[in-house]
Amino acid sequence: MTDYIAPRGTRDILPDETPRWQYVEQKFRETCGLFDYREIRTPTFEHTELFTRNLGETTDVVSKEMYTFETRGNKSLTLRPEGTAPAIRAYVQHNLGASLPVVKMYYIGRLFRYERPQAGRYREHTQLGIEAVGSQDPAIDAEIISLAVQFFKSVGIEKFELKLNSIGCPNCRPNYRKALVEYAADKVADLCPSCATRYEQNPMRMLDCKDPGCKAILAEAPKMTDYLDEECAEHFAKVQEYLTSLGISFVLDSNLVRGFDYYTKTAFEFVSGELGAQNAIGGGGRYDNMVHEIGAQPTPAMGFGLGLDRLMLTLDAMGVELPVDASPAVFLATIGPEAHQAAIKLLANLRRQGIAADMDYTGRSLKAQMKLVDKIGAKYAAIIGEDEINTQTASLRNMKTSEQKTIPWSELAEVLRSA
RNA sequence: GCGGGAGUAGCUCAGUUGGUUAGAGCGCCAGGUUGUGGCCCUGGAGGCCGUGGGUUCGAGUCCCAUUUCUCGCCCCA
């Protein structure tokens with residue numbers, strides 16, 4: 001055993017598992033394509049200020065979970081802890097809004113957060129995300145949510161809960177915040193320590209505290225949805241209306257508060273009962289002010305992110321079988337050095353003609369090679385020994401039916417292609 | 001940052017009140033007549049028993065520390 005192991009909170013996805021990941025990623029790409037979202041790839045790290053200024057100074061991510069380091073030139077960089085700010089930074093930097101009314105992007109990227117690992121939580125994880133920039137139409141909110149739903153279903157996840165809320169905007173949220181603070185003012189002493197801090201710094205975060213005491217105290221607290229201004233209320237009603245018309249069921253959750261400060265209006269989260277304590281499989285919301293804060297003219301936007309690692313865990317827990325098969329079509333099993341030499345050339349020909357093929361490179365017996373064919377799951381074994389060399393053929397064995405036919409080398413690719 | 005559980009072969013795990021050369025199943029490798037996989041049989045390789053210290057005539061087993069993994073809290077995907 002080596003002393004070198006993957007750093008805490010990171011892990012290897014081994015060759016046996018990667019086909020499942022690739023399959024899910026492919027489904028995501030296809031779904032995004034159906035909704036006309038295009039891929040954007042942004043750097044793994046960004047200037048630290050992008051995150052500190054846009055996610056909120058008091059959020060956990062910014063205050064204690066970022067992987068931040070200094071360059072030789074004393075600039076502070078940070079491994080991206082989330083995907084939205086970088087995507088919007090790119091949108092603004094390249095003025096993407098100038099050429100399209102609504103810019104619809106998706107990304108598949110690794111995110112980094114320095115947290116204590118546990119089930120479904122890693123220090124490096126993969127997130128699939130989408131962002132739509134340029135529309136305040138509640139139909140875009142519904143589109144993004146329905147893209148997520150369609151994607152979940154495409155990989156076999158039917159059971160999940162969609163939680164929905166509106167957290168208002170800078171116009172109406174202060175009123176609610178004030179009402180909440182007034183409600184909690186004489187109860188601070190009874191709240192848990194972290195809620196006492198939240199009361200000071202970010203009162204709305206008290207709403208999703210899991211402490212039973214806090215829950216009881218806040219059960220009677222005023223609700224954001226009762227304080228929405230006319231525009232936000234109408235937007236929220238429309239989102240619900242559209243979702244309903246799309247046949248997407250949801251539950252309103254007035255305690256749903258997203259982790260970053262940039263959200264406005266719509267907030268939503270998908271939770272899976274198949275996961276442990278970390279049961280949020282994806283979530284997102286509207287962030288109508290970020291584009292402006294990053295430096296472009298005010299432009300509404302809406303996005304969604306989902307944790308691929310947690311999605312894979314959910315699939316495992318649900319026992320979903322994905323139709324993946326990474327096995328080659330044929331394995332050349334050879335007897336003796338002459339056959340080995342002939343197979344090298346034959347193998348290259350097959351591959352050039354688009355037939356996935358492999359052969360033995362360890363000098364094993366035919367029997368051992370056949371075992372190997374079985375193990376790697378190749379559909380056919382092409383056996384080449386002295387007889388076959390003399391006749392320029394291969395004994396093509398169907399590993400499932402055990403049928404065996406003599407095929408000339410020149411016809412091998414064609415036979416395999418039509419098999 | 002704080003709590004609970006666990007580190008014995010590649011994997012999943014046994015290992016009796018501390019007592020000789022540390023085990024099983026699976027996997028791996030080689031055989032079971034000539035050039036043929038799955039099932040079966042036989043044999044083999046592979047372990048500083050996480051690491052360091054301590055108690056003891058003797059430690060995989062007891063004590064301490066440390067480290068890693070794991071589950072949970074905070075929070076999030």
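Chain identifiers are assigned alphabetically (A, B, ...) following the order of the sequence lines, protein sequences preceding nucleic acid strands; residue numbering begins at 1 within each chain.
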Students often get this wrong, so: under 4.0 angstrom with heavy atoms, is I281(A) touching a base, only sugar-phosphate, or nothing? sugar-phosphate

Contact state string [nucleotides 27-32 of chain B, B base, S sugar-phosphate only, - no protein heavy atom under 4.0 Å]: -SSS-B

Crowding at CZ, R417(A) (>12 non-hydrogen neighbours, <6.0 Å): yes

May I ask you to check whether F270(A) and F304(A) place their ring centers less than 6.0 Å from one another? yes

In whole Å, what is the span from the CG atom of D60(A) to the P atom of A77(B)? 11 Å

Can you list the stems that RNA chain B is part of, where a stem is at least 3 pairs in a row, each Watson-Crick or G-U, with both distances below 3.5 Å? B:1-7 with B:67-73, B:10-13 with B:23-26, B:28-32 with B:40-44, B:50-54 with B:62-66

Using a heavy-atom cut-off of 4.0 Å across all strands, would you classify Q118(A) as base, sugar-phosphate, or nothing? base

So that I can tick it off, tell me whether D358(A) and R351(A) are bridged by a salt bridge, with the cut-off set at under 4.0 angstrom between side-chain N and carboxylate O. yes

Side chains of E57(A) and T52(A): is there a donor and an acceptor less than 3.5 Å apart? no

Would the base of G35(B) count as contacting Q369(A) through its side chain, where contact means a donor and an acceptor less than 3.5 Å apart? no

From G37(B), G35(B), U70(B), pick the nucleotide closest to the side chain of R8(A)? U70(B)

Please determine, by modelled atom types, if Y262(A) and E82(A) share a side-chain donor-acceptor pair under 3.5 angstrom. yes

Let's go through R113(A) and E124(A) carefully: what are the C-alpha distance in whole Å and the side-chain angles of both, what is the deciding distance for salt bridge (charged side-chain N to carboxylate O under 4.0 Å, His left out) to 0.1 Å, and is it a yes or a no? CA-CA 7 Å; R113(A) 291 182 201 169; E124(A) 177 181 21; over 6 Å; no

Mind listing the residues from residues 255-263 of chain A sitting with a heavy atom below 4.0 Å of RNA chain B? Number order is fine. R258(A), G259(A), F260(A)

Are R20(A) and E17(A) close enough for a salt bridge, meaning some N to O gap below 4.0 Å? no

Using a strict 4.0 Å threshold on nitrogen-to-oxygen distance, state whether D253(A) and K223(A) make a salt bridge. no

Spacing of the P atoms in G23(B) and G47(B) (rounded, Å): 14 Å

Distance, rounded to the nearest Å, where F270(A) contributes CZ and A77(B) contributes C1': 13 Å

Length of the CG-P vector between L313(A) and U70(B), whole Å: 11 Å

Is a side-chain donor-acceptor pair under 3.5 Å present for T362(A) with D360(A)? yes

Could you check whether E388(A) gets within reach of a base, just the sugar-phosphate, or nothing at all, counting any heavy atom under 4.0 Å? base

Using the P atoms only, state how far C13(B) lies from G19(B), rounded to an integer number of Å. 24 Å

Between I383(A) and A119(A), which has a closest nucleotide on RNA chain B that is more 5'? I383(A)

Options U36(B), C76(B), C69(B), nucleotide nearest the side-chain atoms of Q278(A): C76(B)

Where the side chain of S402(A) is defined as all heavy atoms beyond and including C-beta, which of G35(B), G37(B), A77(B) is the nearest nucleotide? G37(B)

Thinking salt bridges, do E403(A) and R397(A) make one under a 4.0 Å N-O criterion? no

Do N165(A) and S254(A) get their side chains close enough for a donor-acceptor pair, meaning under 3.5 Å? no

Is there a donor-acceptor contact under 3.5 Å linking the side chains of Y106(A) and R29(A)? yes

Looking at R11(A), R121(A), R110(A), which hits salt bridge (charged side-chain N to carboxylate O under 4.0 Å, His left out) with D309(A)? R11(A)

Rounded distance (Å) that lies between atom C1' of C76(B) and atom CZ of R310(A): 6 Å

Please measure how far the C1' atom in G60(B) lies from the corresponding atom in G50(B), and state the result in whole Å. 12 Å

Check this for me: does any side-chain nitrogen of one of K379(A) and D325(A) sit under 4.0 Å from a carboxylate oxygen of the other? yes

Between E143(A) and Y37(A): side-chain donor-acceptor atoms closer than 3.5 Å: yes

So does R11(A) reach the base of C69(B) with its side chain, donor to acceptor, closer than 3.5 Å? no

Distance, P atom - from G25(B) to A45(B), rounded to whole angstrom: 15 Å

Tell me which residues in residues 404-419 of chain A lie within less than 4.0 Å of RNA chain B, going by non-hydrogen atoms. Q404(A)

For D288(A), the side chain to side chain donor-acceptor pair (under 3.5 Å) test, sequence neighbours excluded, returns R286(A)

Just how far, in rounded Å, is P of C2(B) from NZ of K64(A)? 12 Å

For a quick check, tell me whether the side chain of R397(A) and the base of G37(B) share a donor-acceptor pair closer than 3.5 Å. yes

Please give, in whole Å, the distance from U36(B) C1' to I335(A) CD1? 8 Å

Could you work out the separation of A6(B) and U51(B) based on their C1' atoms and round it to a whole Å? 16 Å

Given the P atoms of A9(B) and G54(B), what is the spacing between them in whole Å? 25 Å

Tell me, which of residues 16-39 of chain A have any heavy atom that sits under 4.0 Å from an atom in RNA chain B? none

Of the options G35(B), G37(B), C76(B), whose atoms approach the side-chain atoms of D208(A) most closely? C76(B)

Side chains of T393(A) and T406(A) only: does a donor on one sit below 3.5 Å from an acceptor on the other? no

Can you tell me how far P of G37(B) sits from CG of L396(A), to the nearest Å? 17 Å

Roughly how many Å apart are U55(B) and U42(B), using the C1' atom of each and rounding to a whole number? 46 Å

Rounding to an integer number of Å, can you tell me how far Y380(A) OH sits from U36(B) P? 21 Å

Quantified in whole Å, what is the P atom distance between nucleotide U67(B) and nucleotide C11(B)? 23 Å

Polar contact flag, side-chain donor to acceptor under 3.5 angstrom, H235(A)-D141(A): yes

Between R41(A) and E39(A), does any NZ, NE, NH1 or NH2 come within less than 4.0 Å of an OD or OE carboxylate oxygen? yes

Starting at the 5' end of RNA chain B, which residue's closest nucleotide do you reach first, G120(A) or N398(A)? N398(A)

